[in-house]
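First comes the structure, then the notes that go with it.
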Amino acid sequence: MTLSLWTPVDKDRPVRKLYKDGKKVEIEWSYYWREVKAWKNEDITLSLIKTLKDKIIERDLNVCLGSNSPIEELLTDRDEFRRTKASLKNEDRNWSLLDCDKCYPEVYPQMSTRERVKVLEDRLPILRRQGLVAWPSSSGYFLDDSIDKETGLSKHHRLNLHIFILFDKPESEQTIKNFLKSHKDDLDTALGVITQPHLIANPIFENTPKHTYPGQDVFLREPGC
């Protein structure tokens, strides 16, 4: 089992989302990446994720979580890897990042991270009493006044939530894909793909106000609580 930390090599294709002049700017993913660090097996804990996320916020790091490490033989002479399935080890893993950017009527901009977790728990009871680490997704810091085409609601009602969870045992890529797909009405299924960067870096704001949350941005709950 591996939890990898990746950073993009292409400086004009950062991991961090960009909001400029009141709009979101579309930025393509980097082609090449480096692995900053990797954790294995019992070293992958909720406390590690909470500490890592807090450090990324504090130091403003341009990194993301990756589900797998690169295959050493396919690294370039500068220890870079191309973000393709062939370049990554396909190991079972005991964790997943859940991404929910859906709109719900009960969600409002000043909701805390903990309150947002409760909204998702009401739709996914499997999360109740589940150990987790949660934080706002990048879009949560941008008050989008547009209308969500799927629900007809203002995007002020978006949940904008990332949740890191641990499984009881290592699971294959396909099992994790199936799990996310079974909850596709609430979760982004793209995070089941091993080449998908799991966004964890701070967004960038240029000439655009940053929305702030009440209370703690990063919420940790131990199992059974």
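What you see is a predicted model; the values in this text were computed from it and never measured.
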How long is the span from the [atom1] atom in [X] to the [atom2] atom in [Y], to the nearest 0.5 Å?
X	Y	atom1	atom2	answer
R158	K155	CZ	NZ	5.5 Å
E91	S69	CD	OG	6.5 Å
D101	L161	CG	CG	9.0 Å
I49	I165	CD1	CD1	12.0 Å
L18	E206	CG	CD	5.0 Å
N202	R59	CG	CZ	13.0 Å

Any donor and acceptor pair, going by atom type alone, linking the side chain of [X] with main-chain N or O of [Y] inside 3.5 Å?
X	Y	value
H157	P105	yes
T208	D21	yes
S112	E115	yes
T175	E171	no
R116	L159	yes
D10	Y31	yes
H183	K181	no
S87	R82	yes

Is any side-chain heavy atom of [X] closer than 4.5 Å to a side-chain heavy atom of [Y]?
X	Y	value
E222	S47	yes
K20	N207	no
Y141	D217	yes
M1	W95	no
T76	R34	no
K53	I200	yes
L143	P109	yes
P136	H162	no

Quick check: closest heavy atoms across [X] and [Y], and the distance to 0.1 Å?
X	Y	value
T2	R93	O-CB, 4.5 Å
L88	I194	CD1-O, 3.6 Å
I126	Q130	O-CB, 4.1 Å
I56	A201	CG2-CA, 3.9 Å
N62	V15	OD1-N, 3.1 Å
L199	S138	CD2-OG, 3.6 Å

Between V117 and L127, is the side-chain contact (heavy atoms from CB on, under 4.5 Å) condition met? List the steps. CA-CA 9 Å; V117 170; L127 292 179; over 6 Å; no
Option from L98, I176, L65, D99 for which side chain to side chain contact (heavy atoms under 4.5 Å, CB included) with L191 holds: D99
Above 12 or not: heavy atoms from other molecules or residues under 6.0 Å from CD of Q110? yes
NZ of K40: more than 12 outside heavy atoms within 6.0 angstrom? yes
Do W135 and F164 have their ring centres less than 6.0 Å from each other? no
Quick one, V25 with I204, criterion side-chain contact (heavy atoms from CB on, under 4.5 Å). Give me CA distance, side-chain angles, the key distance, then yes/no. CA-CA 10 Å; V25 179; I204 300 170; over 6 Å; no
Applying side chain to side chain donor-acceptor pair (under 3.5 Å), run through S139 and D144 and close with a yes or a no. CA-CA 8 Å; S139 51; D144 190 341; over 6 Å; no
Quick one: do D148 and T151 satisfy side chain to side chain donor-acceptor pair (under 3.5 Å)? Show the steps, please. CA-CA 6 Å; D148 178 58; T151 62; 2.7 Å; yes
For residues 8-28, which residue pairs qualify under ring-ring contact (aromatic ring centres under 6.0 Å, His included), counting only residues two or more places apart or in two chains? Y19-F142, Y19-F205
Between D145 and H156, do the side chains contain a donor N or O and an acceptor N or O under 3.5 Å apart? yes
Testing the 3.5 Å rule here: is there a donor-acceptor pair between the side chains of S4 and N68? no
Qualifying residues under side-chain contact (heavy atoms from CB on, under 4.5 Å), relative to D186, sequence neighbours excluded: Y104, L120, R123, L124
Are L220 and V119 linked, directly or through other ILVMFWY residues, by side chains that come within less than 4.5 angstrom of each other? yes
Between [Y] and [X], does any NZ, NE, NH1 or NH2 come within less than 4.0 Å of an OD or OE carboxylate oxygen?
X	Y	result
E121	R129	no
D60	R16	yes
D122	R128	yes

Are D92 and S172 close enough, and set up right, to give a side chain to side chain donor-acceptor pair (under 3.5 Å), and what steps lead you there? CA-CA 5 Å; D92 291 354; S172 67; 5.1 Å; no
